[in-house]
A.B. asks: 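Structure provided below as structure tokens; questions to follow.
Naming: A, B, ... by sequence-line order, numbering from 1 per chain. In this text the structure is predicted, and so the values were computed from the model without any measurement. Basis for what follows: all heavy atoms, side chains included, without hydrogens, waters or symmetry-related copies.
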Amino acid sequence: MPELPEVETVRRQLAENLVGRRLVRAEFSRMALRAAIPARQLARALQGATVLQIRRRAKYLLWDFSSGYTMLAHLGMSGHFFIGHEKVDPVRHTHGRWRFAGLTVHFVDPRRFGLLKLYKTAEVLESAELAELGPEPFDPIFTPDWLRQSLKQSAAPIKSWLLDQKRLSGLGNIYANEALFRSRIHPRRPSHTLRPREAQRLHTAIRQVLLAAIEHAGTTFLSYKAPDGGDGAFYDSLLVFQREGLECHRCGVPIERIVQSGRSSFFCPTCQKAAPRHPS
DNA sequence: AGTCACGCCTGCCGGC
DNA sequence: TGCCGGCAGGCGTGAC
């Protein structure tokens, strides 16, 4: 469910509440998420240790502990952390519980596409999950020129390119759709046909839409909740996502939906160009 | 190497 | 009202 802005919102709230606190006890369900939860290793490595910092890499959260270990967490489609300041009744689909003095963090994930793993802090960036990820949209390496050069090397539709975490990490279906609308590029455009000006516009749109979403604490959708129980407020700022049949905010023509590799793409058929304006 | 279809799960919503 | 199909913000695998 969550993309970069939602995960960043979760990171900030967890960091605010947990950094400097000592973990008293960690408990996990026996049910597997995307992979089995290494419950014993997690408990042994983390109990009694203090949270040093909470980092984010793409859509992954990294909880660094004073024991030299890092818990790697991914929310999948339906996962969320929430913070209970008092005793909280058991909630269905709770798969992890971290008890600190005065508060408890819960991990709830009905669809169980999430992930909880343990790595040594020194090795986590080289883990199978993180090692192959492409740059982040806010990494200094992500420049208009880098984007233009990278797009040149792929014939994949631009929408698929944006969703490929090995190329650029952090975008999911919502913000890929929104960035393409804002840069007026059709989701089916082969990546290598983007003109330099279009790559420039796309670069700007990606950063703008992500920044705006982070400022609004993400997009609340289905079951997404921030750890404090709050809703993301970006929903009303969506220009195409989930707006099939509604008027384009720019030109009034109905928004269309197509399916690309199993995912919905929403776009305006007149604003978003299916072919380059000036073919080379 | 690059791309795509599919499966993993549960919950929800709309149509009949 | 109840059932059923379709759909959901992610990711890994295997086939081509």
Side-chain angles (χ1 to χ4, degrees), chain A residues 1-10 29-37 56-61 72-81 91-95 107-117 127-134 137 150-181 187-192 206 209-210 212-214 216-226 231-245 257-266:
Chain A
M1 88 199 193
E3 308 179 29
L4 189 155
E6 289 75 30
V7 179
E8 177 60 19
T9 300
V10 171
S29 80
R30 293 225 180 91
M31 272 202 257
L33 301 175
R34 191 201 304 174
I37 304 173
R56 180 186 59 73
R57 174 73 176 98
K59 303 174 194 171
Y60 288 87
L61 289 165
L72 184 66
H74 193 287
L75 305 176
M77 294 268 268
S78 61
H80 63 276
F81 285 106
V91 177
R92 247 167 93 71
H93 305 301
T94 297
H95 297 285
F107 180 67
V108 179
D109 183 9
R111 289 177 74 179
R112 311 209 317 261
F113 290 175
L115 184 74
L116 293 174
K117 280 190 85 169
S127 65
E129 289 82 4
L130 305 187
E132 306 292 321
L133 291 172
S150 304
L151 292 175
K152 267 192 200 169
Q153 297 159 29
S154 172
I158 184 62
K159 170 73 182 316
S160 310
W161 194 96
L162 291 173
L163 289 179
D164 186 345
Q165 304 297 300
K166 292 180 173 59
R167 292 172 152 141
L168 180 66
S169 63
L171 287 178
N173 207 25
I174 292 182
Y175 299 111
N177 275 297
E178 293 296 313
L180 287 173
F181 174 79
R188 279 204 177 117
R189 279 281 293 283
S191 301
H192 66 253
I206 289 169
V209 74
L210 292 178
I214 291 169
H216 287 79
T219 304
T220 291
F221 222 77
L222 303 178
S223 58
Y224 173 72
K225 287 270 182 195
D231 289 338
F234 195 70
Y235 184 79
D236 293 334
S237 306
L238 298 177
L239 299 181
V240 283
F241 190 78
Q242 285 278 306
R243 295 195 68 247
E244 182 182 15
R257 182 177 84 97
I258 57 174
V259 175
Q260 294 178 283
S261 46
R263 321 290 305 278
S264 288
S265 295
F266 301 89

A.B. asks: Is there a donor-acceptor pair closer than 3.5 Å between any side-chain N or O of A:K159 and the backbone N or O of A:S264?
C.D. replies: yes

A.B. asks: Hey, does the side chain of A:N177 reach the backbone of A:F266 with a donor-acceptor pair shorter than 3.5 angstrom?
C.D. replies: yes

A.B. asks: Do A:F107 and A:L75 have side chains that approach each other closer than 4.5 Å (heavy atoms only, starting at C-beta)?
C.D. replies: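 Yes; the side chains approach each other to less than 4.5 Å.
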
A.B. asks: For A:L75 and C:dG10, give me the distance from atom CG to atom P, rounded to whole Å.
C.D. replies: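 The answer, rounded to whole Å, is 11 Å.
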
A.B. asks: Return the value, rounded to whole Å, for the distance between atom CG of A:L130 and atom C1' of C:dG12.
C.D. replies: 15 Å

A.B. asks: With respect to A:S169, which candidate in A:K59, A:R57, A:E132 satisfies the side-chain contact (heavy atoms from CB on, under 4.5 Å) definition?
C.D. replies: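 Of A:K59, A:R57, A:E132, side-chain contact (heavy atoms from CB on, under 4.5 Å) with A:S169 is met by A:R57 alone.
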
A.B. asks: Given atom NE2 of A:H192 and atom P of B:dG2, what is their separation to the nearest angstrom?
C.D. replies: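 Answer to the nearest Å: 14 Å.
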
A.B. asks: On a whole-Å scale, what distance lies between the P atoms belonging to B:dC9 and C:dC3?
C.D. replies: 24 Å

A.B. asks: Given the rule that a pair is Watson-Crick or G-U wobble with both distances under 3.5 Å, how would you write DNA chain C in dot-bracket, using | for pairs to a different strand?
C.D. replies: .|||||||.|||||||

A.B. asks: Roughly how many Å is it from CG in A:L33 to C1' in C:dG12, rounded to a whole number?
C.D. replies: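 It works out to 15 Å between those atoms.
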
A.B. asks: Check whether any side-chain N or O of A:S78 sits under 4.0 Å from OP1 or OP2 of C:dA8, and answer yes or no.
C.D. replies: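 Looking at the OP1 and OP2 atoms of C:dA8, neither is under 4.0 Å from any side-chain N or O of A:S78.
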
A.B. asks: CG of A:D109 versus P of B:dG11: gap in Å, rounded?
C.D. replies: 11 Å

A.B. asks: Do A:Y175 and A:P5 have side chains that approach each other closer than 4.5 Å (heavy atoms only, starting at C-beta)?
C.D. replies: yes

A.B. asks: Counting only side-chain nitrogens and oxygens, does A:K166 get under 4.0 Å of the OP1 or OP2 atom of C:dC11?
C.D. replies: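 No, outside the criterion.
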
A.B. asks: Rounded to the nearest angstrom, tell me the gap between atom CD in A:Q242 and atom P in C:dC7.
C.D. replies: 11 Å

A.B. asks: Any chance you could list the contact pattern along nucleotides 3-10 of chain B? Use B for base contacts, S for sugar-phosphate-only contacts and - for none, protein heavy atoms under 4.0 Å, 5' to 3'.
C.D. replies: SSS--BBB

